[in-house]
Amino acid sequence: MSGQRHPADMEVAIVGGGPAGLTAAILLAQLGIDARVFERRSTTSRLPRAHLLNQRTMEIFESMGVAGDVYTMSPPQDNWHRVGWYTSLAGDLPGQGKEIGHLPAWGGGPDRDRYAAASPARYANLPQMRLDPLLRQHAEARCPGQAYFNRDVRAIRQRGGYVELDIAPTGSGAAETVTARYVIAADGGRLCSRLLGVQMIGPTQLLDMVTMHMTADLSQYAWDDEVLLYYFIDPHGQGTFRGALCAMGPDTWGTRSREWAVHQAFAWGDPAAKDQDLLQARARDMLGIPDLPMAVHAVSHWEFEGVTAERFRAGDVFLVGNAAHRHPPTGGLGLNAAVQDVHNLAWKLALVLRGRAGDALLDTFHTERHPVDHFNVEHSVRNAGGHRRVAVALGQSPDNSIEQGWRAIDKWLEDSPEGEARRAAVAEAVGSNADDYSQLNVELGFAYENGALIPDGTPRPAGCHPLRDYIPSTRPGHHLPHAWLHGPTGRVSTLHLVPTGGFALFTTGEAACAWRDAATTAVNRTGVRIDVVAVGPDGDAEDLDGTWQRLRGSSAHAVLVRPDWHVAWRVRTLPADPSAELGGALTSILNRKDVHG
Ligand SMILES: Cc1cc2nc3c(=O)[nH]c(=O)nc-3n(C[C@H](O)[C@H](O)[C@H](O)COP(=O)(O)OP(=O)(O)OC[C@H]3O[C@@H](n4cnc5c(N)ncnc54)[C@H](O)[C@@H]3O)c2cc1C
């Protein structure tokens, strides 16, 4: 410990240059850590994959200097905040070309104000095939020469105090061995968990999903300019959704999008999923446009599964992103959680590597992130079941023949009491999918119950709807509530007052002096930066509309916030000896018992 240099070639080796690995490279470079990325492909991913970047992710991207570029490349704010269910886009049958229902999504429509109030950052929508190159560009600018593409990591050996990695140019025989103090496994689940013997727990091979990235003119068929994601339910879906269509821009969006991702679901092992001609024919059939000209750019397969690694730390290797948890994209949480995993880990690695925190701080990566990521896995699998509810309400079942399925859809359209009842049931089933598309509390409200924090015994705040209602709180483990304050340079979010890699102690103007003295003592002892932020008329920033006072709550006279914006500790009143209290809290949060000096 004590900040001595270890003999390894680098401080952190990152296996995989996807969104998790590249984000880790940028965050660690910002913290002055010698981190290198090894990616086996020659380029970043060319597949569409993720596209929805929630507000917590965009807060992190803002702190990395990436958000501006993401917003510039995303579609205009107003034209992608809806999800719709359809029987098809067109077709000759009476039941074809019908909208089954739609919902506002990702902070649109009636959700707009509550999403906007919850964070200084906006939701963004940028397909991963455009995001990953952007992250690579930023990583290469931030840490030139540290991102190695065409490098296949073949083996990892823990050596007690450092890790050895065998790395070869992709496709060639000769591997070179390098050493790192720590390794971040951001390999998407392809290598490290297997090599390290970490079990992935949960159901696998639920469906074989095929995504076709294509250019097609759907402007005369896709009739809702607000819809980003179309789900199709028809008798071929066997009682659930048959597939989906997602607008991909890149320059025009909505109905005039030029590029699209078409997703089709197949039973695991169905050889039809591999037949390229059949895939195109089935896509046209699902859309109800048999002669649609399409230029297919790429076809990819992904497994519909719901697995979480039993442990996120294996010795000196940390599993993040898809290497630690994989689930269906229903909820749009995979890439977001990958970025949030890395944000949780980076500051901890930096403090431990600089000898300012004990190695046990790194154990809190698992303690904190595992419950959140495991919840996301189960939530995403549950969300996928929402489409089944719509299909069942529409009279669809795997036991029906195709003709029976269409007859059930005709019934839903019928001007009769039965038709009316079916329409009401379908509308209710569509509405229940708001757990996926208005899930503000899932996206912003995740909190840590144990870890690098000191619980204060207060109960977790709860709204009426546990998935949708986000209740900002300064309870330890929760994310710092966002409030706009007014400082010397104008409007600033509470989040922006937390220094990169350091802590912030929010308090009131009257108590500022006592806490500044306490912080100075703590900084001198630990070497960890602590900015005291006095909020009030005579403080560093003013809370003109009282939002911060309301959100911080009466239990919080002083709130200590970690570099990743989660609250580590709070006190109700000014203690008799603030230095001793703050020093004791930091020692415990940073696991400094085993730090000497
Ligand atoms: C259709 C679809 C839609 C999605 N939509 C969303 C969404 O809207 N929002 C969201 O948050 N998530 C979404 N996701 C999930 C998201 O794509 C993943 O969660 C995300 O890519 C995980 O990032 P990662 O960096 O952990 O892993 P990956 O993106 O898989 O990257 C891993 C990298 O490691 C490299 N690698 C593997 N093995 C080695 C090795 N031995 N040596 C060197 N390099 C190696 C790989 O080549 C790869 O580049 C979606 C996924 C799909 C399939």
Side-chain angles (χ1 to χ4, degrees), residues 13-25 36-54 56-58 80 83 105-106 123-129 131-133 135-136 147-156 165-170 175 183-195 207-213 228-229 243-246 248 261-265 298 300-305 309 319-342 373 376-377 380 436-437 442-443:
I14 302 166
V15 184
L22 293 168
T23 299
R36 300 180 208 169
V37 184
F38 301 97
E39 164 57 50
R40 74 172 165 201
R41 286 189 308 234
S42 58
T43 63
T44 48
S45 172
R46 292 210 176 88
L47 303 172
R49 299 182 79 188
H51 51 110
L52 296 161
L53 306 172
N54 70 35
R56 287 283 178 259
T57 298
M58 291 309 296
W80 54 272
V83 57
W106 317 297
Y123 230 112
N125 166 31
L126 185 65
Q128 202 172 327
M129 56 187 286
L131 173 69
D132 286 4
L135 288 171
R136 179 178 180 181
Y148 297 85
F149 279 68
N150 251 323
R151 291 293 186 287
D152 190 10
V153 177
R154 295 199 182 150
I156 298 181
L165 301 98
D166 292 344
I167 304 176
T170 304
V183 170
I184 296 181
D187 59 281
R190 289 171 191 86
L191 178 81
C192 296
S193 54
R194 184 170 43 81
L195 287 185
L207 288 172
D208 181 358
M209 295 296 304
V210 184
T211 297
M212 242 165 51
H213 172 212
L228 177 73
L229 188 54
L245 175 74
C246 184
M248 298 256 312
V262 183
H263 309 291
Q264 298 183 59
S300 58
H301 288 252
W302 46 280
E303 184 175 342
F304 213 79
E305 59 182 337
L319 273 64
V320 300
N322 271 27
H325 41 83
R326 295 188 293 282
H327 52 71
T330 35
L333 293 169
L335 184 151
N336 287 296
V339 170
Q340 292 152 20
D341 285 347
V342 167
D373 289 324
N376 287 346
V377 168
S380 304
D436 183 342
Y437 301 103
V442 174
E443 291 162 8

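All ligand and atom numbering here is 1-based and tracks the order in the structure.
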>> When you measure from the heavy atoms of Ala186 to every atom of ligand 1, does any distance fall below 4.0 Å?
In response: yes
> In terms of residue, atom name and distance, what is the protein heavy atom nearest to atom 21 (O) of ligand 1?
Replying inline: Gln128 NE2, 2.9 Å
> Do Met248 and Pro48 come within less than 4.5 Å of each other through their side chains, counting heavy atoms only?
Replying inline: yes
>> Quick test of your reading of the structure: of Arg40, Arg49, Arg151, His325, whose heavy atom lies closest to atom 45 (C) of ligand 1?
In response: Arg40
>> On the six-membered ring of Tyr148, is Arg40 placed so that its NZ or CZ lies under 6.0 angstrom from the centre and within 45° of the ring axis?
In response: no
> When you measure from atom 27 (O) of ligand 1 to every protein heavy atom, which one gives the shortest distance, and what is it?
Replying inline: Gly188 CA, 3.7 Å
> In the protein, what heavy atom is nearest to atom 26 (O) of ligand 1, and what distance, to one decimal place, separates them?
Replying inline: Asn322 N, 2.9 Å
> Just one of Thr57, Asp341, Asn376 clears the side chain to side chain donor-acceptor pair (under 3.5 Å) bar with Asn336, so which one?
Replying inline: Thr57
>> At under 4.0 Å between heavy atoms, is it the side chain or the backbone of Ala261 that contacts ligand 1, or both, or neither?
In response: neither
>> Please work out, at 4.0 Å between heavy atoms, whether the side chain, the backbone, both, or neither of Ala50 comes within that distance of ligand 1.
In response: both
>> Is there a side-chain contact between Phe149 and Thr44 in this structure, where contact means two heavy atoms from C-beta onward sitting under 4.5 Å apart?
In response: yes
>> How close do Glu443 and Arg56 get, counting heavy atoms only, and between which atoms?
In response: O-CG, 3.4 Å
> Out of Thr44, Asp187, Asp152, whose heavy atom is nearest to atom 40 (C) of ligand 1?
Replying inline: Asp152
> If you measure from atom 35 (C) of ligand 1 to every heavy atom of Glu39, Glu303, Arg41, which option wins on shortest distance?
Replying inline: Glu39
> Is there at least one pair of N or O atoms, one from Leu335 and one from ligand 1, spaced under 3.5 Å apart?
Replying inline: yes
> Gly321 heavy atoms, cut-off 4.0 Å: which ligand 1 atoms fall inside?
Replying inline: 26 (O)
>> For Ala175 versus Ala168, what's the shortest heavy-atom pair and its separation?
In response: CA-CB, 3.8 Å
> Among the heavy atoms of Arg154, does any lie under 4.0 Å from an atom of ligand 1?
Replying inline: no
> Hey, is Leu333 touching ligand 1 through its side chain, its backbone, both or neither, going by heavy atoms under 4.0 Å?
Replying inline: backbone
>> I'd like to check which ligand 1 atoms, numbered from 1 as shown, lie under 4.0 Å from a non-hydrogen atom of His263.
In response: 1 (C)
> For the residue pair Leu53 and Tyr123, what are the closest heavy atoms and their distance?
Replying inline: O-CD2, 3.2 Å
>> If we set the cut-off at 4.0 Å for heavy atoms, which region of Leu191 has an atom near ligand 1: side chain, backbone, both, or neither?
In response: side chain
> Closest approach of Val37 and Gly17, non-hydrogen atoms and distance?
Replying inline: CG1-CA, 3.8 Å
